Chemist: 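Quick one: structure below, then a few questions.
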Amino acid sequence: MRVMKKESIFLTCLALGFVVLLSPAAKTQSARDLKTSEEQIRKEMLQITKELGTTCTECHNVNDFKSAAKPSFGIAAKHMKLVAAMKANGFDGKNGPEANCYMCHRAELKPPAAMPK
Ligand code: HEC
Ligand code: HEC
């Protein structure tokens with residue numbers, strides 16, 4: 001019994017050793033992907049902030065960037081989908097303008113959208 005136990009502890013250690021030995025490559029890869037997507041998000045966020053002439057806190061609780069509590073967060077999420085749909089339907093910048101927030105917002109949170117009288 002004792003011998004069996006020792007043996008299985010040894011095998012467990014061996015297996016763990018392999019996991020530790022093999023994991024750094026995988027870890028580096030996913031860390032890099034994560035960093036890329038974080039940089040991508042930060043870039044996009046800076047861009048929409050400029051296009052709306054606002055700041056991060058208009059839409060975010062800076063202690064929890066995932067929070068959807070602020071009304072502007074929800075509206076922005078819808079308008080992001082709108083911009084994505086426009087890009088997918090011709091406004092892709094290839095033969096004309098590329099859709100973005102600025103095309104309507106003109107660096108203002110509330111874009112001047114009323115029809116002239
Ligand atoms: C006009 C509203 C708006 C502004 C301004 C804005 N954001 Fe965002 N942000 C959003 C929305 C909406 C999402 C969610 C996007 C999604 O789920 O696809 C988001 C997502 C994020 C996320 C990812 C959160 C997660 O899910 O992990 C981060 C980080 C972030 N924003 C940071 C910022 C920073 C930093 C600024 C200022 C430079 C900023 N945002 C400005 C609306 C905004
Ligand atoms: C096709 C035009 C159009 C585009 C493109 C557009 N918006 Fe809007 N957005 C509007 C209009 C119009 C309003 C005002 C709606 C209202 O007052 O009910 C508005 C309102 C908003 C508001 C609420 C402002 C407030 O306080 O009332 C937010 C936040 C917003 N947009 C975010 C965005 C973001 C982020 C993008 C780019 C991803 C974007 N919008 C792209 C037309 C647009």
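Counting starts at 1 for both ligands and their atoms, in listed order. Here the structure is a predicted model, which is why all the values come from computation and not from measurement.
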Chemist: Is it possible for you to say whether M103 and L82 belong to one hydrophobic cluster, with membership spreading through side-chain heavy-atom contacts below 4.5 Å?
Modeler: yes
Chemist: Among all protein non-hydrogen atoms, which one is nearest to atom 25 (C) of ligand 2, and what is the separation to 0.1 Å?
Modeler: K110 NZ, 3.7 Å
Chemist: Using a 4.0 Å heavy-atom threshold (strictly under), name the region of I48 that reaches ligand 1: side chain, backbone, both or neither.
Modeler: side chain
Chemist: Within the 4.5 Å heavy-atom criterion, are E58 and L52 side-chain neighbours or not?
Modeler: no
Chemist: Does any N, O or S atom of C104, backbone or side chain, fall under 2.8 Å from atom 8 (Fe) of ligand 2?
Modeler: no
Chemist: Heavy-atom count check: over 12 atoms from other residues, nucleotides or ligands less than 6.0 Å from D64 CG?
Modeler: yes
Chemist: Where is the tightest heavy-atom contact between C59 and S72, given as atom of each residue plus distance?
Modeler: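 Result for this residue pair: SG-CB, 3.8 Å.
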Chemist: For atom 20 (C) of ligand 1, which protein heavy atom lies nearest, and how many Å away is it?
Modeler: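 Result for atom 20 (C) of ligand 1: M45 CE, 3.5 Å.
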Chemist: How far is atom 19 (C) of ligand 2 from the closest protein heavy atom, and which atom is that?
Modeler: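 The closest one turns out to be H79 CE1, 3.2 Å.
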Chemist: Give the atom numbers and elements of ligand 2 that come within less than 4.0 Å of a heavy atom of A113.
Modeler: 12 (C)
Chemist: Can you check atom 17 (O) of ligand 2: any protein non-hydrogen atom closer than 4.0 Å?
Modeler: no
Chemist: Write the atom name of the N, O or S atom in H105 that is nearest atom 8 (Fe) of ligand 2.
Modeler: NE2
Chemist: To the nearest 0.5 angstrom, please state how far the CG atom of N100 sits from the NZ atom of K87.
Modeler: 7.5 Å
Chemist: Using a 4.0 Å cut-off to any heavy atom of A77, which atoms of ligand 1 qualify?
Modeler: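 Taking each heavy atom of A77 in turn, ligand 1 has 12 (C) under 4.0 Å.
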Chemist: Which residue and atom name correspond to the protein heavy atom nearest atom 22 (C) of ligand 2, and how close is it?
Modeler: I75 CG2, 3.4 Å
Chemist: Tell me whether N100 reaches ligand 2 (any heavy atom closer than 4.0 angstrom to a ligand atom).
Modeler: yes
Chemist: Does at least one non-hydrogen atom of T55 fall below 4.0 angstrom from an atom of ligand 1?
Modeler: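 Within the 4.0 Å threshold, so yes.
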Chemist: Quick test: of every protein heavy atom, which one is nearest to atom 14 (C) of ligand 2, and how far off is it to 0.1 Å?
Modeler: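 The protein heavy atom lying closest is P111 CD, 3.9 Å.
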Chemist: Atom CE in M86, atom NE2 in H79: separation rounded to 0.5 Å?
Modeler: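 Rounded to the nearest 0.5 Å, the CE-NE2 separation comes out at 11.0 Å.
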Chemist: For ligand 1, which atoms have a heavy atom of C59 less than 4.0 angstrom away?
Modeler: 1 (C), 2 (C), 3 (C), 4 (C), 5 (C), 42 (C), 43 (C)
Chemist: Would you mind checking which non-hydrogen protein atom is closest to atom 15 (C) of ligand 1, with the distance to 0.1 Å?
Modeler: M80 SD, 4.0 Å
Chemist: Considering only protein heavy atoms, determine whether one is less than 4.0 Å from atom 31 (N) of ligand 1.
Modeler: yes
Chemist: Counting each atom of ligand 1 from 1 as listed, which ones have a heavy atom of L46 under 4.0 Å away?
Modeler: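 Counting from 1, the qualifying ligand atoms are 38 (C).
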Chemist: What protein heavy atom sits nearest atom 29 (C) of ligand 2, and how far away is it?
Modeler: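 The answer is S72 O, 3.5 Å.
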Chemist: So which protein heavy atom does atom 12 (C) of ligand 1 come closest to, and at what separation?
Modeler: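 So the nearest neighbour among protein heavy atoms is F73 O, 3.4 Å.
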Chemist: List every atom of ligand 1 that sits less than 4.0 Å from any heavy atom of I41, numbering the atoms from 1 in the order shown and giving each element.
Modeler: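 Under 4.0 Å from I41, ligand 1 has these atoms: 22 (C), 23 (C), 28 (C).
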Chemist: Below 3.5 Å, N or O to N or O, backbone or side chain included: is there any such pair between K66 and ligand 1?
Modeler: yes
Chemist: Calculate, to the nearest 0.5 Å, the distance between atoms SG and CD belonging to C101 and Q47 respectively.
Modeler: 8.0 Å
Chemist: Can you report which non-hydrogen protein atom sits closest to atom 37 (C) of ligand 1, along with the distance?
Modeler: C56 SG, 1.8 Å
Chemist: Find all atoms of ligand 1 within a distance of less than 4.0 Å from any non-hydrogen atom belonging to T49, and give their numbers and elements.
Modeler: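 Answer, ordered by atom number: 5 (C), 37 (C), 38 (C), 41 (C).
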Chemist: Using a strict 4.0 Å cut-off to heavy atoms of L52, name the atoms of ligand 1 that fall inside it.
Modeler: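 Taking each heavy atom of L52 in turn, ligand 1 has 1 (C) under 4.0 Å.
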Chemist: Is there a donor-acceptor pair closer than 3.5 Å between any side-chain N or O of D33 and the backbone N or O of T36?
Modeler: no
Chemist: Atom NZ of residue position K70 - does it have more than 12 heavy atoms of other residues, nucleotides or ligands inside 6.0 Å?
Modeler: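 Above 12, so yes.
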Chemist: Strictly inside 4.0 angstrom of atom 39 (C) of ligand 1, do you find any protein heavy atom?
Modeler: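 Under 4.0 Å from atom 39 (C) of ligand 1, at least one protein heavy atom found.
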Chemist: As a test of the contact definition, would atom 9 (N) of ligand 1 count as having a protein heavy-atom neighbour under 4.0 Å?
Modeler: yes
Chemist: For N89 versus A85, what's the shortest heavy-atom pair and its separation?
Modeler: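 Minimum heavy-atom contact is ND2-O, 2.7 Å.
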Chemist: Under a 4.0 angstrom heavy-atom cut-off, which atoms of ligand 1 come close to T54?
Modeler: 5 (C)
Chemist: Could you give the distance from CG (L46) to CD (E51), rounded to the nearest 0.5 Å?
Modeler: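 So the gap between those two atoms works out to 11.0 Å.
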Chemist: Kindly compute the distance separating OG1 (T55) from NE2 (H60), expressed to the nearest 0.5 Å.
Modeler: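 Rounded to the nearest 0.5 Å, the OG1-NE2 separation comes out at 10.0 Å.
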Chemist: So for ligand 1, is H60 a polar contact partner (N or O within less than 3.5 Å, distance only)?
Modeler: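 N/O-N/O distance below 3.5 Å exists for this pair.
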Chemist: Select one of side chain, backbone, both or neither to describe which atoms of E38 lie under 4.0 Å from any atom of ligand 1, heavy atoms only.
Modeler: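 No part of E38 is near ligand 1 at this cut-off.
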Chemist: Could you state the interatomic distance from NZ (K35) to CD (Q40), rounded to the nearest 0.5 Å?
Modeler: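 Between atom NZ of K35 and atom CD of Q40 there are 13.5 Å.
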Chemist: Contact between E44 and M80 at the side-chain level, heavy atoms closer than 4.5 Å - yes or no?
Modeler: no
Chemist: Flag yes if more than 12 heavy atoms outside F73 fall under 6.0 Å of its CZ atom; otherwise flag no.
Modeler: yes
Chemist: May I ask you to check if any N/O/S atom from C101 comes under 2.8 Å of atom 8 (Fe) of ligand 2?
Modeler: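 Here the distance criterion (N, O or S atom, under 2.8 Å) is not met by C101, so no.
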Chemist: Identify the closest protein heavy atom to atom 24 (C) of ligand 2: which residue and atom is it, and at what distance?
Modeler: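 For this ligand atom, the closest protein heavy atom is L109 O, 3.4 Å.
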Chemist: For ligand 1, which atoms, with element, lie under 4.0 Å from some heavy atom of A76?
Modeler: 1 (C), 2 (C)
